[in-house]
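Data block below; observations after.
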Amino acid sequence: MAQIAERDMSPKAVEKQLQCFVNGFDFLPVVAAATVGHGIMATTPEQNAYYAEVYRKSLATRKVVKFVPASGAATRMFKELFAFVGENKGSEAVNTLLARIDDFAFADELWKCVNRNADDKEIVSAIIGKGLEYGVKPKGMVLFHKYADEVRTALEEHLVEGAMYGASNGVVNIHFTVSPEHIAGFKHLLDGVVAKYEKRFGVKYRIDFSVQKQSTDTIAVNPDNTPFRNADGSLLFRPAGHGALIENLAAIDADIVFVKNIDNVTVDSRKATTVEYKQVLAGLLIDVQTKAFDYIEKIDRGCANEDEIKAFVERELSVELPEECNLAQLRTILNRPIRVCGMVRNEGEPGGGPFWVKAADGSVSLQIAESSQIAPEDKHLMSEATHFNPVDLVCGVQDHNGDNFNLREYVDAATGFISSKSKDGRELKALELPGLWNGAMARWNTLFVEVPSATFTPVKSVVDLLRDEHQN
């Protein structure tokens with residue numbers, strides 16, 4: 001009980017989590033895959049120019065924040081390197097890294113830590129261990145890109161991006177969600193580079209951090225659903241996935257919030273497409289939000305045209321209404337946070353992505369669904385999915401009065417999932433909260449827009465840094 005209290009949790013909340021392990025989670029009632037022309041908007045060059053201009057004109061009167069999930073170490077990015085050092089396990093990734101070591105932005109720093117004539121294991125060890133220590137640093141602090149006169153970390157690329165599309169009245173607001181143990185490192189890095197980018201772009205940065213709250217952790221259980229206990233008898237609580245970040249997002253005070261992962265950056269020569277589509281998505285958000293606010297005010301004044309509002313909700317908010325739907329219900333639908341999500345065409349295997357999902361009130365709306373959320377009998381719908389979500393979101397989190405929505409009210413708590421993990425060689429089951437862009441935003445109004453694949457340049461493995469979008 002003391003452990004639970006220390007985490008600012010209640011016994012009732014923990015009991016509820018334990019019940020989730022017993023009962024499991026229902027599959028999403030998926031109706032169809034969202035495709036271009038049926039849930040996904042493919043904009044024309046003329047529309048792009050219009051929406052981008054809507055956004056740019058709004059910047060003088062709106063506060064914009066760039067929200068960057070940047071928690072955790074880059075362990076997975078260097079997985080093959082750990083296997084090579086610890087288990088003598090060679091791989092194509094390790095061979096490629098060693099053959100092209102000087103093409104990495106961190107090469108010059110590496111050679112300060114280890115002799116060029118050292119053996120392969122020493123060189124790789126210096127990358128992940130004593131030397132660069134990238135095996136324990138977060139992705140944001142890894143040198144990603146090499147330019148003629150400088151090298152940049154992933155964090156710095158977000159500073160550059162922010163200046164290119166997120167400056168409002170000369171101020172760029174960026175919020176990073178980080179692990180507590182990495183805050184000091186991030187601040188030290190920023191102390192050395194912020195002035196340079198402020199001078200270069202003629203802006204001022206306001207940068208802040210938050211950590212995933214302990215109160216959003218979830219209890220772990222044994223395979224038989226009894227609480228997992230550590231060697232000292234204490235309960236084991238684990239971070240509950242990125243869905244917990246809805247709490248961090250809820251604390252942001254802004255008209256418009258851009259959400260983009262820390263590793264999804266590219267070099268300057270390729271940033272134009274990213275900047276254009278960020279402006280397009282934000283302009284579309286403002287355009288639709290303005291209309292929704294106007295309809296709410298008309299309903300409140302008693303001068304609303306019900307048929308006109310129904311048409312707007314179905315056509316522009318992509319909500320298929322139930323047969324019986326009155327003005328009060330329409331107002332409830334209009335009065336929600338809005339997110340506009342970039343969708344990239346899926347060139348690989350079909351999987352989770354944009355779908356039409358039926359809600360309890362009988363309406364059908366757009367949701368981002370993971371493959372694990374789709375029932376076996378509905379798996380055929382996954383093969384019809386043409387796009388996936390690259391975590392490219394623009395969010396409107398304030399209502400028509402300018403007050404922040406309580407984002408917790410728009411979470412679908414029934415969309416979490418259970419995963420198998422281990423600790424100290426013992427099996428355990430972990431409870432993941434509804435994902436930030438899945439169940440945590442399930443009751444938002446959602447628009448999907450096709451964006452070019454050039455806007456999606458993640459770094460999942462260290463050798464991804466050798467791809468064209470990360471090389472100059």
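These numbers were taken from a predicted model, which means no experiment stands behind them. Note that these values count all heavy atoms, side chains included, but never hydrogens, waters or copies made by symmetry.
In this structure, the separation between CG on L59 and CG on D255 is 10.5 Å, given to the nearest 0.5 Å. Separation of atoms CG (N169) and NZ (K63) is listed at 12.0 Å; rounding is to 0.5 Å. Here E150 contributes atom CD and L143 contributes atom CG; the two are 11.0 Å apart, rounded to the nearest 0.5 Å. From T415, atom OG1 reaches atom CZ of F25 across 8.0 Å, with rounding to the nearest 0.5 Å. Residue F448 holds its CZ atom at 12.0 Å from CG of L281, rounded to the nearest 0.5 Å. The OG1 atom of T153 sits 9.5 Å away from the NE2 atom of H158 when rounded to the nearest 0.5 Å.
Surrounding NZ of K121 are more than 12 heavy atoms belonging to other residues, nucleotides or ligands, all under 6.0 Å away. Remark: K89 NZ is loosely packed, at most 12 non-hydrogen atoms of other residues, nucleotides or ligands lying under 6.0 Å away. Heavy atoms of other residues, nucleotides or ligands lying less than 6.0 angstrom from CG of D26 number 12 at most. Residue-environment remark: NZ (K196) exceeds the threshold of 12 foreign heavy atoms within 6.0 Å. When the shell of 6.0 Å around NZ of K204 is examined, it contains 12 or fewer heavy atoms from other residues, nucleotides or ligands. Heavy atoms from other residues, nucleotides or ligands lying under 6.0 Å from CG of N472 number more than 12.
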Worked check of side chain to side chain contact (heavy atoms under 4.5 Å, CB included) between L190 and F209
CA-CA 12 Å; L190 287 168; F209 301 90; 3.5 Å; yes

Please test D102 against R116 for salt bridge (Lys or Arg N to Asp or Glu O under 4.0 Å), starting from the C-alpha separation and ending with a verdict.
CA-CA 11 Å; D102 286 307; R116 275 184 175 272; 3.1 Å; yes

M9 and V14: CA distance, side-chain angles, deciding distance, side chain to side chain contact (heavy atoms under 4.5 Å, CB included) verdict:
CA-CA 8 Å; M9 298 173 75; V14 177; 3.9 Å; yes

Going through the checks in order, is the side chain to side chain contact (heavy atoms under 4.5 Å, CB included) test met by V462 and I128?
CA-CA 11 Å; V462 62; I128 58 174; over 6 Å; no

Does the salt bridge (Lys or Arg N to Asp or Glu O under 4.0 Å) test come out yes or no for E450 and R345, once each step is laid out?
CA-CA 7 Å; E450 184 176 56; R345 191 164 286 278; 3.0 Å; yes

Using the salt bridge (Lys or Arg N to Asp or Glu O under 4.0 Å) rule, take K112 and E109 through it: C-alpha gap first, then chi angles, then the decisive distance, then the call.
CA-CA 5 Å; K112 294 176 185 177; E109 290 301 311; 2.9 Å; yes

Might you work through the salt bridge (Lys or Arg N to Asp or Glu O under 4.0 Å) test for R76 and D263, ending with a clear yes or no?
CA-CA 12 Å; R76 277 186 292 182; D263 65 329; over 6 Å; no

Go through V451 and F456 one step at a time and tell me if the side chain to side chain contact (heavy atoms under 4.5 Å, CB included) criterion holds.
CA-CA 9 Å; V451 296; F456 183 52; over 6 Å; no

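Side-chain contact check for S210 and N248: at least one donor-acceptor pair (N or O, by modelled atom type) lies under 3.5 Å. With 3.5 Å as the limit, one finds no donor-acceptor pair spanning the side chains of K278 and Y55. Neither side chain, E122 nor S125, offers a donor N or O lying under 3.5 Å from an acceptor on the other.
Taking each heavy atom of V259 and C395 in turn, the nearest pair found is CG2-SG, 4.0 Å. Closest heavy-atom contact between S371 and M382: CB-CE, 3.5 Å. What you find for N438 and E370 is that their closest heavy atoms are ND2-OE2, 3.3 Å. Contact between T273 and A454 at its shortest, heavy atoms only, is CG2-CB, 4.4 Å. Summarising the geometry of V463 relative to L97, their closest heavy-atom pair is CG1-N, 4.3 Å, with the distance given to 0.1 Å. Across every non-hydrogen atom of A163 and F201, the tightest pair is CB-CG, 3.6 Å.
The backbone N or O of T226 lies less than 3.5 Å from a partner atom in the side chain of D224, making a donor-acceptor pair. Using modelled atom types, no side-chain atom of S168 and backbone atom of V171 make a donor-acceptor pair closer than 3.5 Å. A distance-only check finds no donor-acceptor pair linking the side chain of T446 to the backbone of R339 [under 3.5 Å]. A donor-acceptor pair is defined here as one N or O able to donate and one able to accept, closer than 3.5 Å; no such pair exists between the side chain of K146 and the backbone of A107. For N404 (side chain) and Q398 (main-chain N/O), no donor-acceptor pair under 3.5 Å exists by modelled atom type. Side-chain N or O atoms of D399 include none that pairs as donor or acceptor with a backbone N or O of N335 at under 3.5 Å. Under a 3.5 Å cut-off, the side chain of R229 and the backbone N or O of S234 do not form any donor-acceptor pair. Panel note: side chain T266, backbone E469; a donor-acceptor pair is recorded below 3.5 Å. For the pair S179 (side chain) and H182 (backbone), a donor-acceptor distance under 3.5 Å is absent. Not one N or O on the side chain of Q471 forms a donor-acceptor pair closer than 3.5 Å with the backbone of D468.
Here the side chains of F84 and S91 are not in contact, with every heavy-atom distance at 4.5 Å or above. You'll find the side chain of L466 stays beyond 4.5 Å of the side chain of H470, heavy atoms only. The shortest side-chain heavy-atom distance between L393 and M441 falls under the 4.5 Å cut-off. Side-chain contact between F67 and T177: present, with at least one pair of heavy atoms (C-beta onward) separated by less than 4.5 Å. Side-chain contact between E157 and D268: present, with at least one pair of heavy atoms (C-beta onward) separated by less than 4.5 Å. The side-chain heavy atoms of N389 and M343, taken from C-beta on, include a pair separated by under 4.5 Å. For the pair I40/L366, no side-chain contact is recorded, criterion being any heavy-atom separation below 4.5 Å from C-beta on. Under the 4.5 Å side-chain criterion, counting only non-hydrogen atoms from C-beta, V280 is not in contact with L284.
Applying the salt bridge (charged side-chain N to carboxylate O under 4.0 Å, His left out) definition to pairs two or more places apart or across chains, none involves residues 420-433.
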N/O donor to acceptor pairs below 3.5 angstrom from side-chain atoms of residues 213-221, sequence neighbours left out:
unit_1, atom_1, unit_2, atom_2, d
T216, OG1, K213, O, 2.6
D217, OD2, R7, NH1, 2.8
T218, OG1, L431, O, 2.7

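Of the options K260, R152, K271, a salt bridge (Lys or Arg N to Asp or Glu O under 4.0 Å) to E161 is made by K260 and by none of the others.
Annotation: cation-pi geometry not satisfied between R336 and Y410 (NZ/CZ under 6.0 angstrom from ring centroid, within 45° of ring axis).
Checked against the 6.0 Å centroid threshold, F106 and Y134 count as a close aromatic pair.
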